[in-house]
Amino acid sequence: MLEERILEFSRLLRQGGINVSLTQITAALESVALIGLTRDDFHSALLSTLVTDQMDQPLFDKLFRLYFLILSKRHQQVHAQNSGEVDEVYTSPKLVQSIDGKGIGRGGGATPYILLVKAVRESNYPLLRRLGEMAVTNLIPLEQDAVKDLDNLVDQAKVSLGWYQAVNTLERLRLQERVSEGSYSRWMDNISFLEGYIESLLEDLLVKAYGIDVLEELAVAANLREREFYQLDKIEVQEIRKRITKLARKLATKYARRYRRAKHGKIDLRRTVKEAMVTGGTPVRLKYRKRVISKPELVLLCDVSGSVALFSGFMLQLVYTIQKRFSQVRSFLFVNTIDEVTEYFKNNDIEEALEQSFAKARYAMSPFSN
């Protein structure tokens, strides 16, 4: 039974874009048999055998939680929803009692956005979790098709908390109280934590309610290799940038086909024979050669007409990330004429470089590409 579950979990990892070989699965089964089934040891055994790239660990952790910890609670969750029961932690009335918040006054019946501001300023993670649970409760019950619109559900939950009002309030407090960059960065980290927590709660509820079918959809949706560029969020763009940087490092350090003279390496037969002519044909001194690392040049030609502008913009971001890995990178934009935009990417950050490239380059005389 456990072997079947590990095999099914490995299939989920593959659907999520993580390469898992038969050898790795065999090693996972052997590791689990040796280590045992305590939660931490079981997690470590599967992680160390099924994941070879550190960048895949967040997805592994997510699927591990949903498959081994949440899916097993499916029947209890279905029963709770059918009977109208909801966990007390989701609806505690203590959430809306009066609070004191520096810079935001005193309220006798605090609204969620004020509580959110308080939790973010104080890095109060228990309160942040309670707010996330309260926001998700407002969306129950969830239909199975909701998994296809998870981002919209997260936005709905955020709106129910007065999310954007809270963010504006935090920005205003930052200016009024002259909050340091470090403190404000911590506030934004807390906001990001809550957003991720809301998403994980929604995933948990959907998996509990609808089982393996929803979990497979979540795994496929997480596969960056299958996502359209325009569907990627900021976090996923950052993840792709990391992968492209890793790929660029490999490309920039590949050996060229050519060799050069060296004191060690492979014997250079032609030079050895030539040198032997001086000593009557006897190769007294051997000549060597070795492979050299060649940093290739990269030329990017991007169609920025309306139909593909999004894709080209993304590719320019990727090139911006890896340009230092190559001997030279040149970028060109075109619709029906071509203009080089290489200079914009040399001394500007990516946002400014893209803005200047699209605004200043002369790449079009009409809206139709050629």
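What you are looking at is a predicted structure, and each value in this text was computed from that prediction instead of being measured.
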How long is the span from the [atom1] atom in [X] to the [atom2] atom in [Y], to the nearest 0.5 Å?
X	Y	atom1	atom2	answer
M134	I198	CE	CD1	9.5 Å
L29	L34	CG	CG	11.0 Å
L13	I6	CG	CD1	11.0 Å
L153	K158	CG	NZ	12.5 Å
Q57	I18	CD	CD1	10.0 Å
L150	L206	CG	CG	6.5 Å

Which pair of non-hydrogen atoms, one from [X] and one from [Y], has the smallest distance, and what is that distance?
X	Y	result
F334	I338	CB-CG1, 3.6 Å
L128	A119	CD2-CB, 3.6 Å
A364	N336	CA-OD1, 3.4 Å
Y363	F358	OH-O, 2.9 Å
L333	A361	CD1-CB, 4.4 Å
P112	L131	O-CD2, 4.3 Å

Flag the pair [X] / [Y] as yes when at least one side-chain heavy-atom distance between them is below 4.5 Å, and no otherwise.
X	Y	result
F42	L2	yes
L139	L142	yes
L298	Q328	no
S200	K62	no
E122	K118	yes
E3	E8	no
D155	W163	no
Y184	E171	yes

Can you check whether [Y]'s main-chain N or O pairs, donor with acceptor, with [X]'s side chain at less than 3.5 Å?
X	Y	answer
T342	S331	yes
R330	L300	no
T272	K287	yes
T26	L22	yes
S160	A157	yes
N348	A353	no
Q24	L50	yes

Test: [X] and [Y] ion pair at under 4.0 Å:
X	Y	value
E355	K360	no
E177	R121	yes
R186	E181	no

Under the ring pair (Phe, Tyr, Trp, His ring centres under 6.0 Å) rule, what do Y113 and Y164 come out as? Steps first, then yes or no, please. CA-CA 9 Å; Y113 101 87; Y164 301 103; over 10 Å; no
If you group Ile, Leu, Val, Met, Phe, Trp and Tyr by side-chain heavy-atom gaps below 4.5 Å, do I35 and I25 land in one group?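 No, no single cluster joins them.
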Could you give me the CA-CA distance, side-chain angles and deciding distance for V147 and Y210, then say whether side chain to side chain contact (heavy atoms under 4.5 Å, CB included) is met? CA-CA 10 Å; V147 68; Y210 302 107; over 6 Å; no
Distance only, no hydrogens: is a donor on one side chain within 3.5 Å (strictly under) of an acceptor on the other, for [X] and [Y]?
X	Y	answer
D40	T38	no
S192	D189	no
S180	S183	yes

Take V329 and V299 through the side chain to side chain contact (heavy atoms under 4.5 Å, CB included) test and state the conclusion after the steps. CA-CA 6 Å; V329 176; V299 177; over 6 Å; no
Report yes if the distance between the aromatic ring centroids of F60 and F9 is under 6.0 Å, otherwise no.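 Centroid distance F60-F9: below 6.0 Å, so yes.
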Mind running side chain to side chain contact (heavy atoms under 4.5 Å, CB included) on Y67 and V207 for me, showing each step along the way? CA-CA 8 Å; Y67 184 76; V207 171; over 6 Å; no
F68 six-ring face occupied by R5 cation (under 6.0 Å, within 45°):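 Ring-cation test returns no.
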Checking side chain to side chain contact (heavy atoms under 4.5 Å, CB included) for the pair E352/D349: CA distance, chi angles, key distance, verdict? CA-CA 6 Å; E352 186 177 358; D349 60 42; 3.3 Å; yes
Assess whether atom CD of E340 is packed by more than 12 heavy atoms of other residues, nucleotides or ligands within 6.0 Å.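 Correct, the count exceeds 12.
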